[in-house]
Amino acid sequence: MTRAIIIDGKAAAEELRQDIAQHVGEARDYHHIVPGLAVVLVGADPASQVYVRNKNKFAVEVGMRSFEHFLPEDTSESELLTLIEGLNDDPAVHGILVQLPLPRGIDTQLVIETIDPVKDVDGFHPYNVGRLFTGGQGVTPCTPLGCLELLKRSVGDLTGKRAIVLGRSNIVGKPMAQLLVRENCTVTIAHSKTLDLPHECRRADIVVAAIGQPEMVRGDWIKPGAAVIDVGINRVPLPGGKSRLVGDVKFDEAVEVAGFITPVPGGVGPMTISMLLRNTLLLCCRQSKIDEGFCERP
Ligand code: NDP
């Protein structure tokens with residue numbers, strides 16, 4: 001059996017950023033508009049700080065305006081809502097992202113629903129969730145969008161494929177399943193109560209693993225030739241106080257069976273940020289009444 005083709009998410013994400021940078025330049029030169037992304041972080045969680053800094057760094061790199069709001073851990077819900085309302089009204093801001101999780105005592109759903117749906121760059125507002133399910137103009141969450149892009153780049157047309165999504169969270173599993181349905185896949189959604197997960201996986205041409213369980217998906221769960229997208233990011237301890245990142249899939253085993261597979265790190269992770277930038281550009285075009293076709297790849 002031949003080894004899987006390893007899907008290079010880093011390279012795909014870089015290529016997308018180059019396209020986006022070109023479009024941002026054209027928006028500036030021909031429409032005199034600079035897309036703006038506001039990122040809000042409450043508290044000092046080190047992992048969240050790294051994510052937020054990266055998001056801002058890449059936004060600036062592609063020529064966007066980046067507005068960082070680092071708020072202390074003891075920020076009240078009403079202070080956060082007031083900030084969001086200000087960003088909703090700010091014409092320089094086209095996309096608003098509030099980094100999750102939020103500290104205890106802040107109602108996450110209320111915060112998400114306070115973001116103007118037209119600026120909801122993460123696509124978590126119920127309006128955009130509904131649009132994903134019913135069709136029409138909305139915003140699609142960045143991580144599932146990145147997974148789909150990697151799948152289409154490697155597999156091509158997904159019509160008729162049997163897909164399984166492991167995980168049913170609102171930010172990854174559910175929107176991912178819906179995107180695959182839209183691509184004409186036959187989709188199973190699995191979760192912690194699913195009976196005989198290995199059997200369900202073995203039937204799938206496409207496996208998207210988003211369960212947050214280090215290396216749980218084994219090589220013998222994979223149908224030969226299947227495409228495996230590993231969303232999981234799990235830090236596992238090593239002797240000597242060090243640690244390493246692993247996905248939800250046991251890569252060394254799955255790579256011997258699958259047709260395509262994403263590594264961790266270097267697979268889905270980099271795509272999430274590129275999709276965030278793409279969504280920001282898209283929202284900027286919509287708010288500035290620029291034809292959305294402008295955001296498509298040249
Ligand atoms: P959640 O914790 O919100 O959801 C996990 C899902 O996995 C739940 O639906 C849960 O089932 C299911 N699950 C948990 N354990 C098992 C099990 N043993 N067997 C089957 N299903 C199980 O996680 P997220 O969706 O937010 O994230 C999933 C993973 O993806 C994490 O590792 C996270 O770090 C990573 N991630 C990566 C991103 C990226 O950019 N690469 C972005 C976002 C997340 P149930 O509903 O029954 O509890």
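Every number for a ligand or one of its atoms is a count from 1 in the order of the listing. Hydrogens, waters and symmetry mates play no part in the numbers below; they use all other heavy atoms, side chains included.
Contact atoms of ligand 1 toward Ala210: 5 (C), 6 (C), 7 (O), 28 (C) (distance under 4.0 Å to a heavy atom of the residue). Shown in contact with Leu197 at under 4.0 Å from a heavy atom are these atoms of ligand 1, numbered in order with element: 19 (N), 20 (C). Listed by number with element, the atoms of ligand 1 under 4.0 Å from a non-hydrogen atom of Val268 are 41 (N). Interface atoms of ligand 1 facing Thr143, defined by a heavy-atom separation under 4.0 Å, are 40 (O), 42 (C). Counting the atoms of ligand 1 from 1 in the order shown, those under 4.0 Å from a heavy atom of Ile171 are 26 (O). Near Asn234, meaning under 4.0 Å from one of its heavy atoms, ligand 1 places the atoms 32 (O). Per-residue contacts place Thr272 under 4.0 angstrom from the following atoms of ligand 1 (heavy atoms of the residue considered): 39 (C), 40 (O). Each of the atoms 6 (C), 7 (O), 9 (O) of ligand 1 lies under 4.0 Å from some heavy atom of Gly167.
With a 4.0 Å cut-off on non-hydrogen atoms, His191 touches ligand 1 through its backbone as well as its side chain. Under 4.0 Å from ligand 1, not a single heavy atom of Thr194 appears.
Remark: minimum distance from atom 14 (C) of ligand 1 to any protein heavy atom is reached at Ile211 O, 3.6 Å. Closest to atom 11 (O) of ligand 1, if we only count protein heavy atoms, is Ser192 N, 3.2 Å. Ranking protein heavy atoms by distance to atom 37 (C) of ligand 1, first place goes to Val231 O, 3.2 Å. Counting protein heavy atoms only, atom 44 (C) of ligand 1 is closest to Val172 CG2, 4.0 Å. Closest to atom 19 (N) of ligand 1, if we only count protein heavy atoms, is Met216 CE, 3.4 Å. The protein heavy atom nearest to atom 33 (C) of ligand 1 is Ile233 N, 4.2 Å. With respect to atom 8 (C) of ligand 1, the closest heavy atom belonging to the protein is Arg168 N, 4.0 Å. Taking atom 4 (O) of ligand 1 as the reference point, the nearest protein heavy-atom neighbour is Ser169 CB, 3.8 Å.
Leu100 and Ile96 fall within a single hydrophobic cluster, where Ile, Leu, Val, Met, Phe, Trp and Tyr side chains are chained together by heavy-atom contacts under 4.5 Å.
Taking each heavy atom of Met64 and Thr280 in turn, the nearest pair found is SD-CG2, 3.8 Å. Of all the heavy atoms in Asp205 and Lys223, the pair that sits closest is OD1-NZ, 2.6 Å. Asn279 approaches Val121 most closely through the heavy-atom pair ND2-O, 3.1 Å.
Cluster note: Tyr51 groups with Ile233, Leu245 through ILVMFWY side-chain heavy atoms spaced under 4.5 Å, whether in direct contact or through intervening members.
Proximity of Ala190 to ligand 1 is not established, as no heavy-atom distance is less than 4.0 Å.
For atom 2 (O) of ligand 1, the nearest protein heavy atom is 4.0 Å or more away.
Under the side-chain contact (heavy atoms from CB on, under 4.5 Å) rule, Met176 has a single partner from Val165, Thr143, Leu166, Val181, which is Val165.
Residue Asp248 has no N or O atom closer than 3.5 Å to an N or O atom of ligand 1.
The distance from atom NZ of Lys193 to atom CZ of Arg168, rounded to the nearest 0.5 Å, is 6.5 Å.
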